[in-house]
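Just the heavy atoms: all of them, side chains too, but no hydrogens, waters or symmetry mates, feed the values below. Computed from a prediction, not measured in an experiment: that's the story for all the values here.
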Amino acid sequence: EKNFEFTGVSAVEDKLQDHVPETIAAMKVAGMRVWMLTGDKVETAIDIAFSCNLFSSETAQLKCVGFSKLNELQQQLRKHAGSLDGGQEVGLVL
């Protein structure tokens, strides 16, 4: 698509449902593991994870994206696993 003229631009933000951040925080405090599955771009998914309290400023983000071969992904996962201290909050981004 080429030679477009923009006459107006708008954006839509999907709002989280009521009480989602508080509910996820309570689940984490209770020791539950919480997973999020989304088809969004990586950056958008990470922003959503922060807005719903799935990630915090203390979360170590382990990013394993853009691999086309399984062995490359496995090697990256092993590398990340070796860098964890065991008591750290971790967010795995695939």
Handout entry: Validation row: F55, V93 side chains within 4.5 angstrom (heavy atoms)
Key = yes
Exercise for the section: Identify the two heavy atoms, one from A45 and one from M36, that lie closest to each other, and give their separation to 0.1 Å. Expected result: O-CE, 3.3 Å
Practice task
Would you name the heavy atoms of S51 and P21 that are closest together and state the gap between them?
Solution key: O-CG, 3.6 Å
Exercise for the section: Quick one: closest heavy-atom pair of L92 and C64, and the distance? Expected result: CD1-SG, 4.3 Å
Handout entry: N/O donor-acceptor pair under 3.5 Å between T59 side chain and Q61 backbone
Key = no
Exercise for the section: Verify the cluster assignment for V65 and L77: are they in a single hydrophobic cluster under the rule of side-chain heavy atoms below 4.5 Å apart? Expected result: no
Exercise for the section: Look at the side chain of K28 and the backbone N and O of T23, then say whether any donor-acceptor pair between them is shorter than 3.5 Å. Expected result: no
Fill in the blank from the handout: side chain to side chain contact (heavy atoms under 4.5 Å, CB included) test vs I24 passes for just one of V29, L16, L54, namely L54
Exercise for the section: With the side chain counted from C-beta on, respond yes when Q76 and L62 share a heavy-atom pair under 4.5 Å apart, and no when they do not. Expected result: no
Handout entry: Greater than 12 external heavy atoms within 6.0 Å of E72's CD
Key = yes
Problem - Common cluster, V42/V90, ILVMFWY with side-chain heavy-atom separation under 4.5 Å - result: no
Handout entry: Common cluster, L94/L70, ILVMFWY with side-chain heavy-atom separation under 4.5 Å
Key = no
